Amino acid sequence: MKKQTLLRTVILTAAGLALSGFSFGADAKEAWGKLCAKCHAADGSGNTAVGKKLKIKNYTSADVQAKMSDEEITKAIVDGVTVDGKERMKPFKDALSADDVKAMLAYIRAMKK
Ligand code: HEC
């Protein structure tokens, strides 16, 4: 019986670790590359075909960064962005946890050159 309990603990711990691996935690860079870069560009400059078409701001610019509040950035990521009644960026609230969004905010802030 004791051995079985131990085995169960080991299996549950391993499963827990595997599951926590799905949240990207500090690795906002990887998530940015997967979820955001196709529009916002890898460096956050917005220098992509979609970016130009949709007039995406250049997040490497100190001016642009100064005009965005943490709340605005967070809201855009969580709820998406609608311009003139059209959804330009989908909400990421289902894809990202609250911690992920925080890490993403910090990652965007660090794009400033
Ligand atoms: C389909 C293209 C697309 C994708 C994918 C996309 N965005 Fe956007 N995003 C936009 C557009 C268009 C805007 C509105 C223009 C702007 O504010 O630069 C925008 C705006 C934003 C803003 C608002 C900035 C402000 O003005 O306050 C943030 C922050 C942002 N995006 C972050 C992200 C993050 C983080 C991801 C990935 C999780 C992402 N975006 C994925 C198109 C996209």
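For ligands, and for the atoms within them, numbers begin at 1 and follow the listed sequence. Values below: every heavy atom of this structure, side chains too, minus hydrogens, waters and symmetry copies. Computed from a predicted model, the values in this text were never measured in an experiment.
For the pair T82/R88, no side-chain contact is recorded, criterion being any heavy-atom separation below 4.5 Å from C-beta on. Side-chain contact between F92 and K90: present, with at least one pair of heavy atoms (C-beta onward) separated by less than 4.5 Å. At a threshold of 4.5 Å between non-hydrogen side-chain atoms, the residues K93 and V101 do not count as touching. You'll find the side chain of K55 stays beyond 4.5 Å of the side chain of V83, heavy atoms only.
Residue-level proximity to ligand 1 for K90 is absent, since no heavy atom of it falls below 4.0 angstrom. The parts of I56 lying near ligand 1 are both backbone and side chain, judged by heavy-atom distances below 4.0 Å. Residue-level proximity to ligand 1 for M104 is carried by the side chain, the only part with a heavy atom below 4.0 angstrom. At a heavy-atom distance under 4.0 Å, atoms from both the backbone and the side chain of I73 approach ligand 1. Residue contacts with ligand 1, taken as heavy atom pairs separated by less than 4.0 Å, involve C36 via backbone and side-chain atoms alike.
Within the model, atoms NE2 of H40 and CG of L54 stand 9.0 Å from one another, a figure rounded to the nearest 0.5 Å. A distance of 11.5 Å separates CG in D70 from NZ in K102, rounded to the nearest 0.5 Å. Considering CD of E72 and NZ of K67, their distance stands at 12.0 Å, rounded to 0.5 Å. Note that CG of D27 and OH of Y107 are 9.0 Å apart. Values are rounded to the nearest 0.5 Å.
Note on ligand 1: Y59 sits in its first shell, one or more heavy atoms being nearer than 4.0 Å.
Which of K57, E72, M89, K86 comes nearest to atom 25 (C) of ligand 1 through a heavy atom is settled by distance: it is K57. Nearest-residue assignment for atom 12 (C) of ligand 1 (options E87, R88, K34; heavy-atom criterion): R88. Ranked by closest heavy atom to atom 14 (C) of ligand 1, the top entry among N58, T74, V81, T48 is V81.
Nearest non-hydrogen protein atom to atom 23 (C) of ligand 1 is A76 CB, 3.5 Å. Nearest protein heavy-atom contact of atom 1 (C) of ligand 1 is C39 SG, 2.7 Å. Among protein heavy atoms, the minimum distance from atom 5 (C) of ligand 1 is reached at L35 O, 3.3 Å. Looking from atom 7 (N) of ligand 1 to the surrounding protein, the closest heavy atom is H40 NE2, 2.8 Å.
Listed here is the closest heavy atom pair of D100 and A95: OD2-O, 4.4 Å.
Between W32 and ligand 1, no pair of N/O atoms sits closer than 3.5 Å.
With hydrogens and angles left out, the side-chain atoms of S45 and D43 include a donor and acceptor closer than 3.5 Å.
In summary, the atoms of ligand 1 found under 4.0 Å from a heavy atom of L54, numbered by their order in the structure, are 12 (C).
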